[in-house]
Every structure is written in C-alpha cells, then in structure tokens.
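Inspection log for the structure reproduced underneath, given as structure tokens.
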Amino acid sequence: MNADTSPRPIGLFDMKAQQSLIRAEIDRRVAAILDSGAFINGPDVRELEEKLAEFAGCAHAVGVSSGTDALQIAMMAENIGRGDAVFLPAFTYTATAEVPLVLGATPVFVDVAEDGFNIDLADLRRRIALVKEEGRLRPRAVVGVDLFGRPADWPAIQEICRAEGMFALDDAAQAFGAALHGRRLGQWGDAAALSFYPTKTLGCYGDGGAILTNDAGRAELYRSLRTHGEGKTRYEVERTGMNGRLDTLQAAILLCKLPLLEQELKDRARVARFYGQHLAGHVTVPGEMPGAESAWGLYSILLPDAEARGRVQAAMQARGVPSAIYYPKPLHRQPAYAKAHAEGLRQAPPLPVSESLCQRILSLPMHPYLDEGQLERVVAAVTAGL
Ligand SMILES: *Cc1c(COP(=O)(O)O)cnc(C)c1O
C-alpha cells in the first residue's frame, strides 16, 4: 500500500475542488449549447439573469462581457464623459479607474479607511467640495468598491450622491453575495457591477460580468448598450454602444455554479472566522462591521510595515503556503493615472492610508474548500514569520 501522506496543497484560490462537484452538470449544459449552436444570446443568458436578480433580491440583472464592461456600460448609460469628475478609491483594482478615463471623464482618487479598506466618507466629502471650489469639473458619480468582499458604507454613499445629484455606482466585482442591513449588494446604489472573472466569489471559465439594478429604465439602457446601442428592432441603432454581451457558454457555467454559492459564502465566512480567531493579537485582522456580511472574496491582514510583511511572505513561501499583495501600488501612483490625478484636483490632498495599506497588506488563501488542517498550516506559516 502506498498511502499518500503528503499534505493537501493549499491554493490561494481553488477552482478544481468546486468543479469536481458539478462537472457532470457542466458537461451536460455545455454539450446542449454545442448541439443547439445558440452561442450568442442563448436561453441560458436570460435564465442566469433571472436567477442573479433573485439571488441579489433586486429587480433586474443584465449579463455583460466582464466586470470592466459592466462598469463602462453603467457609466455610458449616465452619459458620463468629458468634464465629469468620478470619485473612486485610490486603493482598488485598476479597472475602477480605467473606465472613467476611457470615457473621457476624470477619476478623482479618494482615500480609504484603514478599518475596512473602503472609501473614506470624510475624504470623499472633502474632495467633492474641492472639485466644486476649483470649478473645472462637474461632480457626476461616486464608484464605491466593496473591496475584498466587504460592503462599503452604502447608506452614507447614497445620501452623499442624492444630496449632490450624483450617480452611485457599486463596484461589487469582489463582493457578490455580500449584504448590508439584510439587503444583498445589487440593492444598494443606483446600479451594481459584478465580475465573473474565475477567482471572484461567483466566477465563470473566462470573462463575464453583470449589472444589477432596481431601475427598469436603466436595465433597458444596459441591454441596448451591450448590443451596439440597438433600439427596439435589431438594425435600429439608437445610441453609441459596444459589443458587451455575456457568452451563452459562460452563462451556462454560472448556472451550474450559482446553486453552490449560498453554501460557499458560509464556508468563506468559516475560513475568515478561523483566521480571525487564530491570528488576532498577532497581526491586524479585518474588523467586525456591524450590520454587514462580507462575501470574503479575499482575506487580507495588515503587518506593521513592508519589512515585516516581507518576512511573513517568505515564511509562508518556505512552508508551501501562497500569499498575494492586493495591491502593491495605489492607483494615483500608477504611471497611467498620474496625469489624471494631477488634473482632477490642482490642490489634491495626500492619500496616506492608501499608501500605507499598499506597504502593509497581505492576502491569505481564501476559498470555500479549505479544511481545518490546511487552515492550521496557513496560521502556523504566518505566525512563523512574525
Ligand atoms: C475584478 C475587478 C474588476 C474587473 O472585473 P473583470 O471581470 O476582470 O473585468 C473591477 N473592479 C474590481 C474591484 C475588481 O476586483
């Protein structure tokens, strides 16, 4: 007998464990599409949209080609462009800032709160006032990001947007399944953008995304914009749109995965609880958020400084435990955005928390299929580096 006693390898993410649970169903659904040939706008797309809206508790879901395109279509529907200021956190994935720039608008980078990693409301209010004072740009939209799956403060963001007549867009790319005061994301803001990139909380086997909204007029615009701005009939072009549809094959994969999501969210929360219980007191762990349920897209700890983080990463690597830095650089320091940052606000206040987090943050393995033995190994590897 050759019993395999080597420990189960630990992945930062794990898509294989999940696939083994649903492989037969995936094969069946994919084969049905290969037989039907309905690769574009097949029935799986509409079925998925209905189930996404039901899961989120919102009125409409519109499938699109990626999370980035979800953000772009949502902003195109508001005619956001030249002369418009779009407020967004400096500490997020690049796509959040890229979209306003592609549309000719100007991203205004806002600092984040160290506790929770999301947009800092006092700094948001201050920068909106500064944009108005400088008088060159119109404050048009706030993109709140639910970073690592933790919901931003949506009641406050909505109130700020309502008072200023601004569009509130939820970049929920890392957070599908998260909830605030008993209402899932998709019910907050004027619209929410989802990404189905493979490693997100609900991921497909390629690129995909969706826009969620309670607003029927917006949902209709999104459907038009994702299909070249088509009107009531296919060859009537009512507005400038894009090719931003969700593939039928990706919708089919998502229909196989969606029934697992409720349990997977519980397992992600189990992993987060384990890390919290065993790492609190050694490193800074994500704090409790009253009224909020994180989707735990990632689990990120804070070390005192970059050197301490380097030691922990090295200790983890030596023990075969992966880690990652999301994100090593705040967006206002990226070469592509430096010019926009200088133009957005002539007198831009510094962004100290975003800068500090980039030096200190570290993400641990986070997926629903981590067992207790694996979690113990992660914790032992982290503490070995302290
Ligand atoms: C992943 C991600 C996106 C972009 O999603 P894609 O599907 O990769 O285009 C946008 N914003 C945030 C915060 C993300 O994490």
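What you are looking at is a predicted structure, and each value in this text was computed from that prediction instead of being measured. Counting starts at 1 for both ligands and their atoms, in listed order. Each residue takes its place number in the sequence, starting with 1.
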Criterion side chain to side chain donor-acceptor pair (under 3.5 Å) on His332 and Glu355, from CA distance to verdict: CA-CA 10 Å; His332 64 287; Glu355 308 235 355; 2.8 Å; yes
Nearest neighbour in protein (non-hydrogen) for atom 13 (C) of ligand 1: Asp171 OD2, 3.5 Å
Charged N-O contact under 4.0 Å between Glu307 and Arg311: no
Distance filter under 4.0 Å to Ala95 heavy atoms, resulting ligand 1 atoms: 4 (C), 10 (C)
Proximity to ligand 1 by part of Asp69, non-hydrogen separation under 4.0 Å: neither
Polar contact flag, side-chain donor to acceptor under 3.5 angstrom, Tyr235-Glu230: no
Closest non-hydrogen atom pair between Phe109 and Ala97, with its separation: CE2-CB, 3.8 Å
Contact check, Thr96 vs ligand 1, heavy-atom distance below 4.0 Å: yes
Distance filter under 4.0 Å to Thr92 heavy atoms, resulting ligand 1 atoms: 13 (C)
N or O pair under 3.5 Å between Ser195 and ligand 1: yes
Distance from atom 1 (C) of ligand 1 to nearest protein heavy atom, with residue and atom: Lys200 NZ, 1.6 Å
Heavy-atom side-chain contact between Phe55 and Leu258 under 4.5 Å: yes
Ligand 1 contact on Ser66 by region, counting heavy-atom pairs under 4.0 Å: both
From Asp215 atom CG to Cys58 atom SG, the distance as rounded to the nearest 0.5 Å: 11.5 Å
CD (Glu376) with more than 12 external heavy atoms under 6.0 Å: yes
Atom indices of ligand 1 within 4.0 angstrom of Gly67 heavy atoms, with elements: 5 (O), 6 (P), 7 (O), 9 (O)
Residue portion contacting ligand 1 (non-hydrogen atoms closer than 4.0 Å) for Thr68: both
